[in-house]
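Owing to the predicted nature of the structure, the values given are computational and were not obtained by experimental measurement. All chains are named by letter (A, B, ...) in the order of the sequence lines, taking the proteins before the strands, and each is independently numbered beginning at 1. When reading the values below, keep in mind they use all heavy atoms of this one structure, side chains included, and skip hydrogens, waters and symmetry mates.
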There are 2 protein chains.
Amino acid sequence: MNIGQASDASGVTAKMIRYYEEIGLIRPMGRSGNNYRVYGEDEVHILRFIKRARSLGFSLEETETLLKLWQDKSRESAAVKDVATAHIADLERRIAEMQGMLKTLKHLAHCCGGDHRPNCPILDDLAGSAPGKMSPEPKKTKQPA
Amino acid sequence: MNIGQASDASGVTAKMIRYYEEIGLIRPMGRSGNNYRVYGEDEVHILRFIKRARSLGFSLEETETLLKLWQDKSRESAAVKDVATAHIADLERRIAEMQGMLKTLKHLAHCCGGDHRPNCPILDDLAGSAPGKMSPEPKKTKQPA
DNA sequence: TGTGGGGCTTCCCATCATGGGAAGGTCAAG
DNA sequence: CTTGACCTTCCCATGATGGGAAGCCCCACA
């Protein structure tokens with residue numbers, strides 16, 4: 001199987017397959033006489049594993065860990081669960097962050113007329129809010145001339 | 001005011017202030033005799049605007065649009081609301097996507113013993129799921145020798 | 001046997017927003 | 001004069017992916 005077939009069979013683009021090989025996520029493939037990479041069912045299975053992990057939001061680094069655990073028949077499922085749990089926490093944090101933005105934006109959009117007049121509470125909010133840091137500690141900054 | 005002061009006053013790092021100038025988000029600042037950038041209250045206000053827009057998840061491109069609308073006193077609030085509404089939709093889409101991942105992961109984690117045994121439904125899912133594309137159309141691929 | 005076209009190779013660049021750090025100029029205080 | 005904090009520009013890295021060029025390889029068809 002050439003890289004194109006492996007791509008079709010796994011759903012991972014040829015570009016990405018080569019990249020995964022380059023960064024060491026998958027082993028360098030054997031080459032046929034014409035210098036084409038040669039794939040078998042095992043490799044396609046691995047690529048599908050990667051594809052699925054990515055679709056669940058695991059980073060390539062996490063995916064690598066999971067891949068090694070998958071191939072380690074003597075793994076402890078606790079190790080896998082730890083990776084998943086950490087990722088769950090990360091997803092929850094990011095979702096909460098975005099929901100915070102969403103809530104604010106929806107409120108602002110609700111308050112905005114959205115008409116021909118220039119008056120706009122959205123811009124008022126962007127313009128008038130507090131800076132990132134109000135001044136927790138004056139920060140011994142040197143005043144220039 | 002030098003860039004450090006502007007940074008402290010706006011919450012935008014000096015690095016980012018220079019970058020924003022480089023990509024044309026903010027105008028090149030005047031320089032003092034020593035070639036240092038010089039900032040006033042107006043610039044700090046603009047930087048705070050950018051900071052706030054970024055904290056609400058607007059891209060720099062969207063932020064640029066909002067900044068221009070802010071400075072255009074004859075804007076129509078509908079234009080602002082359009083940008084916000086599109087961003088809201090984008091946030092909702094991304095949140096939904098992550099919630100989908102979350103739901104699946106929580107289920108898998110729940111089903112995983114997380115103990116010393118190797119048996120793990122999380123890995124089973126990653127290994128056994130369908131590929132990205134099952135075969136909607138066989139895709140006239142040429143079979144190599 | 002020649003040609004066309006598709007697949008494969010490598011290599012470089014772009015994205016998006018940000019940070020890190022080096023090398024060197026400037027300035028004020030001690 | 002030294003020290004140290006500040007500023008300058010320039011280059012590189014991140015994470016995961018796509019785009020595209022230049023150049024082989026090989027098969028099918030005329």
Side-chain angles (χ1 to χ4, degrees), chain A residues 1-26 28-39 47 50-65 67 87 90 94 97 101 132 138-145, chain B residues 1-26 28-39 43 47 50-65 67 87 90 94 97 101 132 139-145:
Chain A
M1 206 176 354
N2 286 340
I3 201 169
Q5 267 77 57
S7 171
D8 289 345
S10 66
V12 180
T13 66
K15 206 94 183 181
M16 280 301 100
I17 296 175
R18 292 193 199 99
Y19 175 65
Y20 293 161
E21 179 182 315
E22 185 192 330
I23 65 171
L25 181 60
I26 59 180
M29 298 311 302
R31 305 293 182 110
S32 59
N34 51 18
N35 199 33
Y36 289 6
R37 290 172 180 81
V38 178
Y39 298 84
L47 288 170
I50 294 170
K51 173 99 181 167
R52 175 69 175 154
R54 296 285 305 124
S55 79
L56 288 176
F58 287 105
S59 68
L60 286 184
E61 197 174 0
E62 288 166 330
T63 300
E64 186 174 17
T65 302
L67 202 47
H87 182 45
D90 191 48
R94 282 152 56 195
E97 189 183 353
M101 297 176 185
K139 229 181 183 185
K140 47 169 199 263
T141 325
K142 189 178 44 175
Q143 292 298 341
Chain B
M1 205 176 354
N2 286 340
I3 201 169
Q5 267 79 55
S7 171
D8 289 344
S10 65
V12 180
T13 66
K15 206 92 182 183
M16 280 301 101
I17 296 175
R18 292 193 199 97
Y19 175 65
Y20 293 160
E21 180 182 315
E22 185 192 329
I23 64 171
L25 182 60
I26 59 179
M29 298 312 301
R31 304 293 181 109
S32 57
N34 51 19
N35 198 32
Y36 288 7
R37 290 172 180 81
V38 179
Y39 298 84
E43 284 78 32
L47 289 170
I50 294 171
K51 173 97 182 170
R52 174 69 176 154
R54 295 287 302 125
S55 80
L56 288 175
F58 287 105
S59 68
L60 285 184
E61 196 174 0
E62 289 166 330
T63 300
E64 186 174 17
T65 302
L67 202 48
H87 182 46
D90 192 48
R94 281 152 57 196
E97 190 183 353
M101 297 175 184
K139 230 180 181 185
K140 48 167 200 266
T141 324
K142 191 178 39 174
Q143 291 300 341

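- Put simply, CD on B:Q5 is 13 Å from P on C:dA28, counting in whole angstrom units.
- We find that CZ of B:F58 is positioned 17 Å from P of C:dC16, with the value rounded to whole Å.
- One can place CZ of B:R94 at 12 Å from C1' of C:dC16, the figure rounded to the nearest angstrom.
- Rounding to the nearest 0.5 Å gives a distance of 5.0 Å between CG of B:L60 and CZ of B:R54.
- The bend of the helix from C:dT1-D:dA30 to C:dG30-D:dC1, defined by the angle between the axes of its first five and last five pairs, stands at 30° to the nearest 10°.
- Shown here for B:I26 and B:I50, the closest heavy-atom pair between the two residues is CG2-CD1, 3.7 Å.
- Residues that satisfy the side-chain contact (heavy atoms from CB on, under 4.5 Å) test with B:S59, not counting sequence neighbours, are B:E61, B:E62.
- Regarding B:Y39, its OH atom lies at a distance of 14 Å from the C1' atom of D:dC6, rounded to whole Å.
- Distance from the side chain of B:Y36 is smallest to C:dG25 among C:dG25, C:dT9, D:dC25.
- The phosphate of C:dT9 (OP1 or OP2) has a side-chain N or O of A:R37 nearer than 4.0 angstrom.
- For the pair A:R31 CZ and D:dC26 C1', the interatomic distance rounds to 17 Å; values are reported in whole Å.
- Atom-to-atom distance recorded for B:I3:CD1 and B:E43:CD is 11.5 Å, nearest 0.5 angstrom.
- Nearest nucleotide to the side chain of A:L60, out of D:dA16, C:dA17, C:dC27: D:dA16.
- Rounding to the nearest 0.5 angstrom, the gap separating the OG atom in B:S55 from the CD atom in A:E97 is 9.5 Å.
- Considering every non-hydrogen atom in both B:T63 and B:A53, the closest pair reads OG1-CB, 3.7 Å.
- Across all their heavy atoms, B:L67 and B:L25 have their closest contact at CD2-O, 3.8 Å.
- Contact annotation: A:S59 side-chain N/O to D:dG15 OP1/OP2 distance is not under 4.0 Å.
- Between B:N2 atom CG and C:dG25 atom C1' there is a gap of 14 Å when expressed in whole angstrom units.
- Across residues 15-25 of chain A, A:K15, A:M16, A:Y19, A:Y20 each have a non-hydrogen atom less than 4.0 Å from an atom of DNA chain D (numbered order).
- Between C:dC16 and B:R54, no contact under 4.0 Å exists linking OP1 or OP2 to a side-chain N or O.
- Closest approach of A:M29 to A:E21, counting heavy atoms only: N-OE1, 3.6 Å.
- Close to C:dT18, at under 4.0 Å from its OP1 or OP2, lies no side-chain N or O of B:T13.
- Distance A:N34 CG to D:dC26 P: 5 Å, rounded to the nearest Å.
- Put simply, NZ on A:K51 is 13 Å from C1' on D:dA16, counting in whole angstrom units.
- The two residues B:A14 and B:S7 make their nearest non-hydrogen contact at N-OG, 3.6 Å.
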